[in-house]
Amino acid sequence: PVSRGSKPACACPPGAPLTRCCTPVVPPQCRGCISRCPAVHLRSIRPSAASRRPGTSHAVPIGVPHCIPVCPSPCPHPSLTSPAPNSRLLIVSPTPPPGIPTTPPEDPDAPPGVLPRSPGCPLLCPLHPPLQNRVCLRLAPPRRVPHCLPPTPTPIPIPPASPSRYPAHPRAPPRCHPAGSPPPARRRRQAAMAKQYDVLFRLLLLGDSGVGKTCLLCRFTDSEFHPAHISTIGVDFKMKTIEVDGIKVRIQIWDTAGQERYQTITKQYYRRAQGIFLVYDISSERSYQHIVKWASDVDEYAPDGVQKILIGNKADEEHKSLPGSTGWTSMRPVPAAT
Ligand SMILES: Nc1nc2c(ncn2[C@@H]2O[C@H](COP(=O)(O)OP(=O)(O)OP(=O)(O)O)[C@@H](O)[C@H]2O)c(=O)[nH]1
């Protein structure tokens, strides 16, 4: 709209036709000044789709020339000058200059003069509150702010290693053997063992603690007797090779602990036994009665058909047995294990 008769804000001669930009930040000035101002362009409002709808209010009347303020750097227009000397921003238009993208895109249905808000734009001109809610046009990319780089670490010189007084010990080359075959040491050991026996039997000694299982084993393998009772811990084994009808038979005898606390361990060895000795002390009725329990464990954990032999040990202490008896073997029927 043109405001005739008001005091011009420029140095135009009096009486010149005045005009006021539709944007309130631009002060009244003559039409010639507006035309010369590089920051201001006169545009004609084109009716948008919204403006054609009946009852729609418009900030700017349709068809009235109005200016679109653009703030170049530096802005020649004092009212649009940004305080920042290198401000290359802004501003604002319902119809931005061609080739300049807008963010965010404008609403095509918005009435002219009512510009979409740009809530997240940090590049708003602080001097122009009416423009702060308008769309920003980024006219130039932001400058890169020079920043300092961390200093490049200087490599620390490593002094050359002083020569050792002792010459390096030459390492023996790795010994290799054909893939898939056992190493030579194990091959020699296997060959030597293969000659020592033809058959291997695994036997197991079971019975109460103190009945003499370890002593039986030592007597058989080493022809020794130890009068002291040293309880076996877990299991132990000894081997002896005998010849039967020209066949070398290796007997591997496993000595188990008779104490209750090791029975979880000893039961693991029942499975591989091919023969089992059930040992009791003929001077101990209790050890004889427990044979039933040992025989029951054998039935449960040993393989089916395993050979079982009942041994009444400590025959030299027969006199300690019940008066008039020759030991529990002669007095009682042999338990089911036999
Ligand atoms: N008099 C006599 N004593 C024996 C005989 N055999 C073993 N003993 C003694 O009985 C005690 C127990 O012998 P061990 O062989 O250690 O008994 P064990 O059954 O192996 O005992 P645990 O290892 O605890 O299961 C030892 O003091 C032996 O000297 C025997 O034939 N006659």
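Each ligand, and each atom within it, is numbered from 1 in the order the structure gives.
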### Neighbouring protein residues of ligand 1 - any heavy atom closer than 4.0 Å
Asp208, Ser209, Gly210, Val211, Gly212, Lys213, Thr214, Cys215, Phe225, His226, Pro227, Ala228, His229, Ser231, Thr232, Ala257, Gly258, Asn313, Lys314, Asp316, Glu317
### Message
Could you tell me if Lys238 sits above the aromatic ring of Phe220, with its cationic atom closer than 6.0 Å to the ring centre and no more than 45 degrees from the axis?
### Response
no
### Message
Less than 4.0 angstrom from a charged side-chain N to a carboxylate O is my criterion; do Asp198 and Lys248 meet it?
### Response
no
### Query
Is there a donor in the side chain of Asp255 and an acceptor in the side chain of Thr214, or the other way round, less than 3.5 Å apart?
yes
### Student check: side-chain heavy atoms of Ile276 and Leu206 closer than 4.5 Å
yes
### Query
Can you list the residues that meet the salt bridge (Lys or Arg N to Asp or Glu O under 4.0 Å) rule with Asp297, with sequence neighbours excluded?
Lys293
### Task
Verify the distance criterion only: is there a donor paired with an acceptor across the side chains of Gln259 and Ser231 at less than 3.5 Å?
yes
